[in-house]
Amino acid sequence: MNPQNIKILHIDSNHPLLMAQLQEAGFINHEDFTSSKEEVESKIHDYHGIVIRSRFKIDKNFLDKATNLQFIARVGAGLESIDCDYASSKGVHLIAAPEGNSNAVGEHALGMLLSLMNNLNKADKEIRSGDWNREANRGHELDGKTVGIIGYGNMGKSFAKKLRGFDVQVLCYDILENVADANAKQVSLQELQQKSDVLSLHIPWTPETDKMVNTNFINAFAKPFWLINTSRGKNVVTEDLVKALQTNKIIGAGLDVLEYEKLSFEHLFEEQKPAAFEYLLQAENVLLSPHIAGWTIESKEKLAQVIVNKIKRFY
C-alpha cells in the first residue's frame, strides 16, 4: 500500500525526527496528545496506524473500534500496554523498539550496581551532611564475582557487554534456547541461583514473570546477592524484597522500576504509600530511579529512528 494513503495517529509526543521522517516518506500524520481514551476511540476507525508510548492501554474495546488499523507502534521496548493476542487475531502488526534503548539500560544497570557495591550514594549523602565515614563505606569489588542475568534479549545482552571490562563470570537464563553469546554462558535457572553474586532482571512483564521474584525465588539463591531491576516493577514482590533486605539475603537493591507504578509509567501513587515502599525509601542499601534506565537523550532519538525504520519496512 502506498504511504500516501496511510493515516497515522500519534497519541504521545516523541523525538521530532519520527514525525518528520514519516511525513517525508509520504505518510499522513495527525497528533492528539490531550484527548481522552474514549475520544480517541471515537475516531480511531479513521486511522491505519497508531504510535504510542504508554498513555493508555490498547485493549479489546479499543481494537474493536479500530476497524482499519494495520499497525500499532510503541516507542519503547515492551508491549504490555497492548492486548497483543487480540491485536494479532485482528491482523494488526505490532512494532516495538527494544534496540533503541538497550544500550541506555545496560549502562544504567551497571551504574546502579557499581554505586550500590561502593556505597557511592550513601557516602555522598553523608558528606553533604558533614559526616566523613570511611570504614563504614568500605565497598565491594565486582571483579571475581558471578553475575546472573535473567532475560537475555536486547537489554540483557547490552548489560553483559558492559561487563566485559571486569573479571567476572556472566551467566544468563532465558526461556528461549541458544541465546548465549561471547559475553554470557546460558545456564539453567537453578545453576544461576547457585552461583550468582549479582542478579540483574531484563525480562518483560508477562503472566510467567509476574511476581516472579518472591521469597521462594530469593531463598533459592545459594549466596546473598545484589539485585538490579531495570525491567518491570511487578516482576518483584516488594514485601518479599524488603524481608530479604532485612535478613541480608539481598545485600542491596537497585530499582529503576517499582511494583506500584501505574501502567502509564508516568505516575507512582494516587493513594497512601505501602509500608514496604516506605522501607525502601529509608534503606541505605537501596538505590531508586523513576523508570529512566532507557530514558536518555540518545535513546529518545534511537527509539524514534527504530520505529520509523520499522514502519517504512512494513510498507
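Every value quoted in this text rests on a predicted model; they were computed, and no experiment measured them. Nothing fancy with the numbering, it's 1 onward along the sequence.
- Between the side chains of Ser158 and Asn103, no donor-acceptor pair is found at a separation under 3.5 Å.
- In this structure, Arg55 contributes its side chain and Ile11 its backbone to a donor-acceptor pair below 3.5 Å.
- Residue Leu281 places its CG atom among more than 12 non-hydrogen atoms of other residues, nucleotides or ligands, all under 6.0 Å distant.
- The distance from atom OG1 of Thr206 to atom CE of Met212, rounded to the nearest 0.5 Å, is 9.0 Å.
- Counting only distance, with no hydrogens or angles, the side chain of Lys37 and the backbone of Lys57 share a donor-acceptor pair below 3.5 Å.
- The minimum heavy-atom distance between Ala96 and Val306, with the atom names listed, is O-CG1, 4.4 Å.
- Of all non-hydrogen atoms in Met155 and Pro98, the two that sit nearest each other are CE-O, 3.5 Å.
- Around the NZ atom of Lys185, the shell of radius 6.0 Å holds no more than 12 heavy atoms that belong to other residues, nucleotides or ligands.
- In terms of modelled atom types and a separation under 3.5 Å, the side chain of Lys157 and the main chain of Val179 share a donor-acceptor contact.
- For Asn154 (side chain) and Ser102 (main-chain N/O), no donor-acceptor pair under 3.5 Å exists by modelled atom type.
- Hydrophobic clustering (side-chain heavy atoms under 4.5 Å, transitive across Ile, Leu, Val, Met, Phe, Trp, Tyr) keeps Val75 apart from Met19.
- A side-chain donor-acceptor contact under 3.5 Å links Asp181 to the backbone of Asn183.
- Side chains of Leu63 and Leu69 form a contact here, defined as non-hydrogen atoms less than 4.5 Å apart.
- The local environment of CD1 in Ile175 is sparse, with at most 12 non-hydrogen atoms from other residues, nucleotides or ligands closer than 6.0 Å.
- When all heavy atoms of Ala293 and Asp256 are compared, the closest pair comes out as N-OD2, 3.0 Å.
- Looking only at distances, no side-chain donor or acceptor of Ser196 sits under 3.5 Å from a matching main-chain atom of Leu199.
- In this structure a side-chain-to-backbone donor-acceptor pair under 3.5 Å is missing from Asp12 to Ile52.
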Q) Do Ile311 and Phe27 pass the side chain to side chain contact (heavy atoms under 4.5 Å, CB included) test, and can you show the C-alpha distance, the side-chain angles, and the key distance before you say yes or no? A) CA-CA 10 Å; Ile311 291 173; Phe27 294 93; 4.0 Å; yes
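- Contacts of Gln193 classified as side-chain contact (heavy atoms from CB on, under 4.5 Å), with partners at least two apart in sequence or in another chain: Leu189, Phe217, Ala220, Phe221.
- Within the 4.5 Å cutoff, no side-chain heavy atoms of Gln305 are placed close to those of Lys302.
- Around atom NZ of Lys161, no more than 12 heavy atoms belonging to other residues, nucleotides or ligands sit under 6.0 Å away.
- Ser54 and Arg74 share a donor-acceptor pair across their side chains, judged by distance under 3.5 Å alone.
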Q. Going through the checks in order, is the side-chain hydrogen bond (donor to acceptor under 3.5 Å, both in side chains) test met by Gln246 and Tyr279?
A. CA-CA 10 Å; Gln246 291 171 330; Tyr279 178 90; 4.7 Å; no
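- Within 6.0 Å of NZ on Lys60 lie no more than 12 heavy atoms contributed by other residues, nucleotides or ligands.
- At a threshold of 4.5 Å between side-chain heavy atoms, the hydrophobic network of Ile, Leu, Val, Met, Phe, Trp and Tyr places Ile292 and Val105 in two separate groups.
- Rounding to the nearest 0.5 Å places CD1 of Ile58 at 6.5 Å from CD1 of Ile82.
- Side chains of Glu191 and Tyr173: a donor-acceptor N/O pair is absent below 3.5 angstrom, by distance only.
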(Q) Run Leu9 and Glu31 through side chain to side chain contact (heavy atoms under 4.5 Å, CB included) and show every step you take. (A) CA-CA 6 Å; Leu9 180 64; Glu31 296 178 341; over 6 Å; no
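- Closest of all the heavy-atom pairs between Ile250 and Leu245 is O-CD2, 3.5 Å.
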Q: Walk me through it: do Asp46 and Lys7 pass the test side chain to side chain contact (heavy atoms under 4.5 Å, CB included)?
A: CA-CA 8 Å; Asp46 286 333; Lys7 292 176 66 177; 4.0 Å; yes
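- In the model, Asn133 has no side-chain atom that pairs as donor or acceptor with a side-chain atom of Lys122 under 3.5 Å.
- Considering all non-hydrogen atoms of both residues, Tyr152 and Ala160 come closest at OH-CB, 3.3 Å.
- Trp226 and His140 have perpendicular rings, their planes meeting at more than 60° on a 0 to 90° scale where under 30° would count as parallel.
- At a cut-off of 3.5 Å, with distance as the only test, a side-chain donor of Glu261 or His291 sits close to an acceptor on the other residue.
- For an aromatic pair to be called close, the ring centres must be under 6.0 Å apart, and His202 with Phe159 satisfies this.
- No more than 12 heavy atoms of other residues, nucleotides or ligands sit less than 6.0 Å from atom CD of Glu141.
- At distances below 3.5 Å, at least one donor-acceptor pair connects side-chain atoms of Asp32 with backbone N or O atoms of Thr34.
- The main-chain N or O of Ala20 is never found under 3.5 Å from a side-chain atom of Gln23 such that the two would form a donor-acceptor pair.
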Q.
One pair to check against side chain to side chain contact (heavy atoms under 4.5 Å, CB included): Lys223 and Asp197. What are the steps and the verdict?
A. CA-CA 7 Å; Lys223 297 181 282 187; Asp197 301 289; 3.0 Å; yes
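- In this structure, Ile150 is a member of the same hydrophobic cluster as Leu171, with clusters built from ILVMFWY side-chain heavy atoms closer than 4.5 Å.
- In this structure, the side chains of Leu142 and Val168 come closer than 4.5 Å at one or more pairs of heavy atoms.
- Phe277 places a side-chain heavy atom less than 4.5 Å from the side chain of Leu258.
- Counting heavy-atom neighbours within 6.0 Å of Asp85 CG, excluding the residue itself, gives a total of 12 or less.
- With a 4.5 Å cut-off on side-chain heavy atoms, Phe71 and Ile8 count as touching.
- Other residues, nucleotides and ligands contribute only 12 or fewer heavy atoms inside 6.0 Å of the NZ atom of Lys125.
- Leu116 and Leu120 fall into different hydrophobic clusters, where Ile, Leu, Val, Met, Phe, Trp and Tyr residues are linked whenever their side-chain heavy atoms come under 4.5 Å apart, directly or through other members.
- When atom types are taken as modelled, the side chain of Asp143 and the backbone of Phe166 share no donor-acceptor pair closer than 3.5 angstrom.
- Inspection of the Glu177 and Gln186 side chains reveals no N or O donor paired with an N or O acceptor under 3.5 Å.
- Ring planes of His93 and Phe314: parallel class, angle under 30° (limits at 30 and 60°).
- From Glu301, atom CD reaches atom NE2 of His15 across 4.5 Å, with rounding to the nearest 0.5 Å.
- Nearest heavy-atom pair, Met112 versus Gly254, reported as atom, atom and distance to 0.1 Å: SD-C, 3.8 Å.
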Contacts under 3.5 angstrom, residues 234-241 side chains, donor-acceptor by atom type, not counting sequence neighbours:
unit_1: Lys234; atom_1: NZ; unit_2: Glu259; atom_2: O; d: 3.0
unit_1: Asn235; atom_1: OD1; unit_2: Thr209; atom_2: OG1; d: 3.0
unit_1: Asn235; atom_1: ND2; unit_2: Ser231; atom_2: OG; d: 3.2
unit_1: Asn235; atom_1: ND2; unit_2: Arg232; atom_2: O; d: 3.4
unit_1: Thr238; atom_1: OG1; unit_2: Glu259; atom_2: OE1; d: 2.7
unit_1: Asp240; atom_1: OD1; unit_2: Thr215; atom_2: OG1; d: 3.3
unit_1: Asp240; atom_1: OD2; unit_2: Thr215; atom_2: N; d: 3.0
unit_1: Asp240; atom_1: OD2; unit_2: Thr215; atom_2: OG1; d: 3.3

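- Counting only N and O atoms by type, the side chains of His10 and Asn29 include a donor and acceptor under 3.5 Å apart.
- Note on Leu114: it clusters hydrophobically with Ile251, by side-chain heavy-atom contacts below 4.5 Å among ILVMFWY residues.
- Residues Asp59 and Tyr86 bring no donor and acceptor atom of their side chains to less than 3.5 Å of each other.
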